[in-house]
Q: 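Please see the structure below; I have some questions.
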Amino acid sequence: MGGTIGLALFAYGYLYNHERSKRAGLAILGALIVTGALTELLKHTVQMPRPKLRTSFGFPSGHTGAAFSLASTLAST
């Protein structure tokens, strides 16, 4: 979801020559990449299992990290 918003903002900025939209789109995409990497690093560091499924680690939540990353990037640009 967040990646789609970032790509859409970047595409809009590129097509209509709107610098602020291009920068916001790139900032969102960069923030999502960094957040995803940090989330995976923390999951393997903490190793807290999911409540019902024991096949992978569940903390911290990738969805929560992506949503917070998207909201904070949009608020700052």
Q: Would you mind listing the cluster partners of Leu42? Hydrophobic ones only (ILVMFWY), side-chain contacts under 4.5 Å, chaining allowed.
A: none

Q: Under 3.5 Å, side-chain donor or acceptor atoms of residues 2-15 against the rest of the protein: list the pairs with distances, not counting sequence neighbours.
A:
none

Q: Would you please name every residue forming a salt bridge (Lys or Arg N to Asp or Glu O under 4.0 Å) with Lys43, sequence neighbours left out?
A: none

Q: Please set out all donor-acceptor pairs under 3.5 angstrom arising from side-chain atoms of residues 57-66, sequence neighbours excluded.
A:
unit_1, atom_1, unit_2, atom_2, d
Ser61, OG, His63, N, 3.3
Ser61, OG, Thr64, N, 3.2
Ser61, OG, Thr64, OG1, 3.2

Q: Would you mind listing every side chain to side chain donor-acceptor pair (under 3.5 Å) that reaches into residues 21-31, with sequence neighbours excluded?
A: His18-Ser21, Glu19-Lys22

Q: With a 3.5 Å cut-off and sequence neighbours excluded, list the donor-acceptor pairs that the side chains of residues 29-40 form with protein atoms.
A:
unit_1, atom_1, unit_2, atom_2, d
Thr35, OG1, Ala31, O, 2.7
Thr35, OG1, Ser69, OG, 3.2
Thr39, OG1, Thr35, O, 2.7

